[in-house]
*Asks:* 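Got a structure for you, questions after.
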Protein chains: 2
Amino acid sequence: MTRSKTRGTRERRAERAERILDSAAELVLRIGYDKTTIDDVARRSAVAKGTIYLHWRNREALFTALLRRERLAALTRVRELVGADSAPASLGRFCAHLALAYHERPLLMATVLGDHEILGRLARSEPAGRTGPAGSGFAEYLEALRGAGLVRTDWTVGAQVNVVTSVLAGFFTSAPLMPAELAVPAPDLAPILGETVERALAPAAPFTPDQRADLARHTADFLDRAVDISARKYSATFEQTA
Amino acid sequence: MTRSKTRGTRERRAERAERILDSAAELVLRIGYDKTTIDDVARRSAVAKGTIYLHWRNREALFTALLRRERLAALTRVRELVGADSAPASLGRFCAHLALAYHERPLLMATVLGDHEILGRLARSEPAGRTGPAGSGFAEYLEALRGAGLVRTDWTVGAQVNVVTSVLAGFFTSAPLMPAELAVPAPDLAPILGETVERALAPAAPFTPDQRADLARHTADFLDRAVDISARKYSATFEQTA
DNA sequence: AATTGACCAAATACAAGCATCTGGTCATTT
DNA sequence: AAATGACCAGATGCTTGTATTTGGTCAATT
């Protein structure tokens, strides 16, 4: 039985990859993508440079992995927050958790805000990822909620996706620019903006217990799917081919 | 009576200033602030370079004037739109008009978005003006509406300012990044986001005719004041001293 | 009195050559 | 089989010197 030994090796390998990404994250946040060299990352992770190339095809793949890991971590955290929420499930609570999970992660914030200081040339090459969760089947999720009578149908799905995206984008971009006397701490503001989405999209009539359960299930499903896709994308960055 | 002659001279002077700003605007939008030279502006306006310095102290003042004129124009347009609106007065309609008025003006959009391509060094030196209407007494306006029972008081004014600012900021930043299949034209989206603000801030009970009138008056007053301040600021850019 | 545009100092852009750094490889070591 | 780090070519940055551009002025012109 080589089982335990094999698992141990694989585990250590994965651990090392995480360690390397941790170093990369710290360096990028401190000195920016452009100035972060593979040598720096290697030294900080206490591995040789060649070892890094055992994990990723090249520099670009390393940083792609970093960003995708970050996204995965945020989505996982959202799922956790949604699951542990003491308040009844609602689209607004979901949005609040999503906003906070992103907000907690400086690297994700940098991508959402298109921070040139941190992203450097990365900002120019990949202006995507700035629409937040607009991709990844959010429209389909809303569509399902509409079908179940859990979201109004007075606006088109497209419009509703835009509302959610706008509110979230506004949270990320405008909150940091607020003059001190009007600033509201992010943990306070997020639920308020969540409630804003709620009031815009939720039906007038209060939910029945069944509807609540339905909503929770749909949301959990959506998050499971999103986490799954995100995890796959993260894993894919380790592939050496292509 | 030198009246008509004097007025004619002053008028022509003002006209010329506008012409110069028009040229500056066009050039900035086409080639960016950094590359737009006073010579260019002069040539395009068919005046000598020295003439420009008869209007403004220096280059900086010229472009400050340009931005302030733009803001003034937008606010004036909002006042016009609000006044001519066939729908009953509401905070939501107000926000929708505000959003559209800004959206129609590429230079304002550039400042709101912090567009480095267009603003060049200006983006770094003046990161303000990105909070939209957060300044200029918007909080006081909301406060007045709260006092009159025209806006809920379940949240603090600060929170409400943040909601409005976020929704507007989200409109500006996220709409242009939307994938084509989810994109909603700005003229359609603005009222929807206005309604989003409305649902978040308006009281549950419908307004009485008196309340409607009150709301309209408050809004008109606020806009008058904002336009007035903006006009003063614009005028101030022409001063040669300091 | 208003307007012009030649003029100037300072800033900016460009070029060339040189030094350093960095992504990526791979023979060697563990 | 896994990990290393010396090594290399190309990219990046730096320095110095030069050419061009540009903001701003002001004597001459209208």
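Basis for what follows: all heavy atoms, side chains included, without hydrogens, waters or symmetry-related copies.
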*Asks:* Could you tell me which residues satisfy salt bridge (Lys or Arg N to Asp or Glu O under 4.0 Å) with K35(B), sequence neighbours excluded, listed by chain and number?
*Replies:* none
*Asks:* For DNA chain C, determine which residues of residues 47-54 of chain A have any heavy atom closer than 4.0 angstrom to one of its atoms, and list them numerically.
*Replies:* K49(A), Y53(A)
*Asks:* Once you round it to whole Å, what is the distance between C1' of dT22(D) and CG of N58(B)?
*Replies:* 14 Å
*Asks:* What residues form a side-chain contact (heavy atoms from CB on, under 4.5 Å) with E140(B), not counting sequence neighbours?
*Replies:* none
*Asks:* Under the side-chain contact (heavy atoms from CB on, under 4.5 Å) rule, collect the residues that match up with V227(B), sequence neighbours excluded.
*Replies:* L72(B), L75(B), T76(B), R79(B)
*Asks:* Taking salt bridge (Lys or Arg N to Asp or Glu O under 4.0 Å) as the test, write out the residues that go with R43(A), two or more places apart.
*Replies:* D40(A)
*Asks:* Quick one: how far along DNA chain C does chain A reach, first to last nucleotide 5' to 3', anything under 4.0 Å to a heavy atom?
*Replies:* dT22(C) to dT25(C)
*Asks:* Using a heavy-atom distance cut-off of less than 4.0 Å, which residues of residues 29-42 of chain A contact DNA chain D?
*Replies:* none
*Asks:* Could you give all pairs that pass the ring-ring contact (aromatic ring centres under 6.0 Å, His included) test and reach residues 31-79 of chain B, with sequence neighbours left out?
*Replies:* Y33(B)-F63(B), W56(B)-F238(B)
*Asks:* Could you tell me whether a side-chain N or O of N162(A) sits under 3.5 Å from a main-chain N or O of A175(B), the two making a donor and an acceptor?
*Replies:* no
*Asks:* Does a side-chain N-to-carboxylate-O contact under 4.0 Å join E239(B) and R57(B)?
*Replies:* no
*Asks:* Could you check whether H103(A) and F171(A) have their ring centres less than 6.0 Å apart?
*Replies:* yes
*Asks:* Look at E26(A) together with R30(A) and state whether they make a salt bridge at an N to O cut-off of under 4.0 Å.
*Replies:* yes
*Asks:* Check the distance between dA1(D)'s C1' and H55(A)'s NE2 and give it to me in whole angstrom.
*Replies:* 14 Å
*Asks:* Could you check whether R16(B) gets within reach of a base, just the sugar-phosphate, or nothing at all, counting any heavy atom under 4.0 Å?
*Replies:* sugar-phosphate
*Asks:* Tell me every residue that passes side-chain contact (heavy atoms from CB on, under 4.5 Å) with D85(B), counting only those two or more places apart in sequence or in another chain.
*Replies:* A87(B), R93(B), H97(B)
*Asks:* Taking T51(B) for its side chain and V47(B) for its backbone only, find out whether a donor-acceptor pair lies under 3.5 Å.
*Replies:* no
*Asks:* For R225(B), which residues count as a salt bridge (Lys or Arg N to Asp or Glu O under 4.0 Å) partner, sequence neighbours excluded?
*Replies:* none
*Asks:* For E60(B) and dG23(D), what is the distance between atoms CD and C1' respectively, to the nearest whole Å?
*Replies:* 12 Å
*Asks:* Bend across the helix from dA1(C)-dT30(D) to dT30(C)-dA1(D), to 10°, with axes taken over 5 pairs at each end?
*Replies:* 30°
*Asks:* Going by the rule side-chain contact (heavy atoms from CB on, under 4.5 Å), which residues pair with V157(A) if we only count those two or more places apart in sequence or in a different chain?
*Replies:* L142(A), E143(A), R146(A)
